[in-house]
**Student:** 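Pasting in a structure now, in C-alpha cells, and then I'll have a few things to ask.
Basis for what follows: all heavy atoms, side chains included, without hydrogens, waters or symmetry-related copies. Lettering of chains follows the sequences in order, A, B, ..., and the numbering in each one begins at 1.
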There are 2 protein chains.
Amino acid sequence: MSVMLQLKELPDALILGRFVKRYGEVDVDAVLHFLSILRIGTDLSEALDGFLARHGLLQGRWWVLILLMREDDLTSTPSQLAEKSGVSRATMTRLIDGLARDGLVKRLDDRNDGRRYAIRLTAAGQAKLDKVMPDYYPRVQRMMGVLSAAQREQLLQYLLLLKEGSRAFQ
Amino acid sequence: MSVMLQLKELPDALILGRFVKRYGEVDVDAVLHFLSILRIGTDLSEALDGFLARHGLLQGRWWVLILLMREDDLTSTPSQLAEKSGVSRATMTRLIDGLARDGLVKRLDDRNDGRRYAIRLTAAGQAKLDKVMPDYYPRVQRMMGVLSAAQREQLLQYLLLLKEGSRAFQ
DNA sequence: TCATTATAGTTAGCTCGCTAACCATGTCAA
DNA sequence: TTGACATGGTTAGCGAGCTAACTATAATGA
C-alpha cells in the first residue's frame, strides 16, 4: 500500500517557471500531468475508502474478506492473504487482529503444522460482505458508466503504458 | 491521504462469476477496470515514493519542502502548508517535526502572534531539493514520454470524467 | 539423530494518515 | 475590561503501511 499526497495546490506554470530557472529545462506539461494523474488516483481511492468506511471497513480489511470469500472453504492463511493483497505479513497480522476482534474472521489452529493458522470467514464476515457488495457493485457500475467501453479500454491502455514508463524512477 | 491496496490478485472473470451468482447482475468489466485503475495509480505513486526514498524523503516531506521553496521568503505556516498539501494540521505538525529534526526546515517564533510559528526552508532543505529536483524532472519527462501530448490530454480527460463519476460512491 | 536451515507468524518500532480533545493566544462585543 | 468565542498549533490515540528482529515449529542432511 502506498500513501499518496492529495496535492490540493498543484504548481501553476508561473511557479514551475521559477523552478525551471533554478533547475534548468523542464517539460512543465509533463510534470503537471503526472501530478494530476497521481492526485486523481488518490481521489478515486478515497472515494472508495469513504464508501467502505460507512460500512465500518477500509480497503485492507475489505479485501481480506473478499479473498476469503473467494475460497471454496472460506479459509486461507495469513501469508497467502498477505501475498494476494500485496501487503507485508506484519501488516496482515494486524489486519487479521482487527477483523478477528470484530468477529468477521476466526483464527483456527492447524493440527498438522504448529506454525500455521487458518483464517476463516465467519458468518458475521459473510453477512458484512452481503451488505457491502450489493451496495458496491451498482456504484462501480454507475461510476464507470461515465466512460464507454471503448474509452475505458483506451484509458487502461494509457495507464499501462505509464506504468511501463514509471521504470524511469528506478 | 489515502491508503490504496495493491491488489496483486485481481479477481478473474470466473471468480467474479461466483460473486455475481450471490449478488446478482454485475458489470464484471466495470469492476475489473476500476480495480485495475486503482492498482496502477498505486503503482505510479509507489514508483515516486521509491525514488524519493532514495533521497531520504517521502511524498509528504518532499511536498512541504517544495511548497516552502515556492514562497519568496522560503517561509510559510503549518496551517497554510497543511491546507496546500491537503493533510490535517495534526499530520503537518508531525511532518514538520521530522523535517525540523533532520534540519531541513526551522520553526521561527512569530513575535506579533504568540500562537503562530513560521516554518522556513533551511539551507540544508534547499540543498536537499537541489539534489532531488534535477533528478526528478528528467525522470518525469522520460516517464510521460511514453504518451504523446494528445494522449496525455486524453488520459487526463478520462480520469477527470471518472473522478466526476466517483460521486457514485457518496 | 541432531544441528542447521527454512518457514509461519508475531512483535517492536518507525512513518504518516486521521479525528477529537486540549492549550495557548487573540479578538470582539456587551 | 472581561467573558465568550475563534484561531493556531500540539497532543493523544487509532489505523494501516513498512522493515527488522524474534519465537516456534518443521524439514533437511551430514
**Student:** Can you label the angle between the Y136(B) ring and the W62(B) ring as parallel, tilted or perpendicular, going by 30° and 60°?
**Tutor:**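 Correct class here is perpendicular.
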**Student:** What's touching nucleotides 13-15 of chain C from the protein side, N or O pairs under 3.5 Å?
**Tutor:**
from    : atom 1 : to      : atom 2 : distance (Å)
dT15(C) : OP1    : R101(B) : NH2    : 3.2

**Student:** Tell me, please, which residues at least two apart from R107(A) pass salt bridge (charged side-chain N to carboxylate O under 4.0 Å, His left out).
**Tutor:**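 So R107(A) forms a salt bridge (charged side-chain N to carboxylate O under 4.0 Å, His left out) with D97(A).
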**Student:** Distance check needed: dT25(D) C1' versus D110(A) CG, whole Å only.
**Tutor:**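 Nearest whole value for this atom pair: 11 Å.
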**Student:** Round to a whole Å and report the spacing from CG of D49(B) to P of dT19(D).
**Tutor:**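 About 13 Å, once rounded to whole Å.
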**Student:** Rounded to whole angstroms, how far apart are CD1 on I96(A) and P on dA16(D)?
**Tutor:**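 Spelled out: CD1 on I96(A) to P on dA16(D) is 13 Å.
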**Student:** Under a 4.0 Å threshold between the charged nitrogen and the carboxylate oxygen, would K84(A) count as salt-bridged to E71(A)?
**Tutor:**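 Judged by the 4.0 Å cut-off on N to carboxylate O distance, E71(A) and K84(A) do form a salt bridge.
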**Student:** Which donor-acceptor pairs under 3.5 Å do the side chains of residues 153-170 of chain B make with protein atoms, sequence neighbours left out?
**Tutor:**
from    : atom 1 : to      : atom 2 : distance (Å)
K163(B) : NZ     : D43(A)  : OD2    : 2.9
S166(B) : OG     : K163(B) : O      : 2.6

**Student:** Give the rounded distance in Å between these two atoms: CG of L52(B) and P of dC16(C).
**Tutor:**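 Computing the L52(B):CG to dC16(C):P distance gives 11 Å.
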**Student:** Can you see if the side chain of S88(B) gets near the phosphate of dC18(C) - specifically, an N or O under 4.0 Å from OP1 or OP2?
**Tutor:**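 S88(B) to dC18(C) OP1/OP2: side-chain N or O found under 4.0 Å.
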**Student:** Starting at atom CG of L95(A), determine the distance to atom C1' of dC14(D), rounded to an integer number of angstrom.
**Tutor:**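 Taking CG of L95(A) and C1' of dC14(D), I get 14 Å after rounding.
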**Student:** Any protein N or O atoms within reach of nucleotides 7-9 of chain C? Criterion: under 3.5 Å, listing atom names and distances.
**Tutor:**
from   : atom 1 : to      : atom 2 : distance (Å)
dT7(C) : O2     : R115(A) : NH1    : 2.9
dG9(C) : OP1    : Y117(A) : N      : 3.4
dG9(C) : OP1    : Y117(A) : O      : 3.4
dG9(C) : OP2    : S79(A)  : N      : 3.0
dG9(C) : OP2    : S79(A)  : OG     : 2.5
dG9(C) : N7     : R89(A)  : NH1    : 2.8

**Student:** What heavy-atom pair brings S85(B) and L81(B) nearest, and what distance separates the two atoms?
**Tutor:**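 Answer, listing the atom of S85(B) first, then L81(B): OG-O, 2.6 Å.
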**Student:** Atom CG of D109(B) to atom P of dG8(D): distance rounded to whole Å?
**Tutor:**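 Roughly 17 Å, once rounded to whole Å.
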**Student:** Which is more 5' along DNA chain C, the nucleotide nearest G98(B) or the one nearest A90(B)? Just name the residue.
**Tutor:**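 Of the two residues, G98(B) wins.
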**Student:** For M92(A) and for G114(A), find the nucleotide of DNA chain D with the closest heavy atom, then tell me which residue's nucleotide is more 5'.
**Tutor:**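 Result of the comparison: M92(A).
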**Student:** Does D73(B) have any salt bridge (charged side-chain N to carboxylate O under 4.0 Å, His left out) partners at least two apart in sequence or in another chain, and if so, which?
**Tutor:**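 For D73(B), no residue satisfies salt bridge (charged side-chain N to carboxylate O under 4.0 Å, His left out) once neighbours in sequence are set aside.
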**Student:** What I want to find out is whether D135(A) reaches R139(A) closely enough, with some N-O distance under 4.0 Å, to be called a salt bridge.
**Tutor:**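 Looking at R139(A) together with D135(A), the answer is yes, because their closest N to O distance falls below 4.0 Å.
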**Student:** Measure CG/D97(B) against C1'/dG17(C) and give the value in whole Å, please.
**Tutor:**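 So the two atoms are 15 Å apart, to the nearest Å.
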**Student:** Taking CG from L81(B) and P from dG9(D), how many angstroms apart are they, rounded to a whole number?
**Tutor:**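 Rounding to the nearest Å, CG of L81(B) and P of dG9(D) are 9 Å apart.
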**Student:** I'd like a table of donor-acceptor pairs (distance under 3.5 Å, sequence neighbours excluded) in which one partner is a side-chain atom from residues 110-119 of chain A, with atom names and distances.
**Tutor:**
from    : atom 1 : to      : atom 2 : distance (Å)
D110(A) : OD1    : N112(A) : N      : 2.7
D110(A) : OD1    : D113(A) : N      : 3.0
D113(A) : OD1    : R115(A) : N      : 2.9
D113(A) : OD1    : R115(A) : NE     : 3.2
D113(A) : OD2    : R115(A) : NH2    : 3.0
D113(A) : OD2    : R116(A) : NE     : 3.3

**Student:** Shared ILVMFWY cluster between V64(A) and L52(A), side chains joined below 4.5 angstrom?
**Tutor:**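 Result: yes, single cluster for both.
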**Student:** Checking all strands, does N112(A) fall into the base, sugar-phosphate, or nothing category for heavy-atom contacts under 4.0 angstrom?
**Tutor:**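 Counting heavy atoms under 4.0 Å across all strands, the contact made by N112(A) is with sugar-phosphate only.
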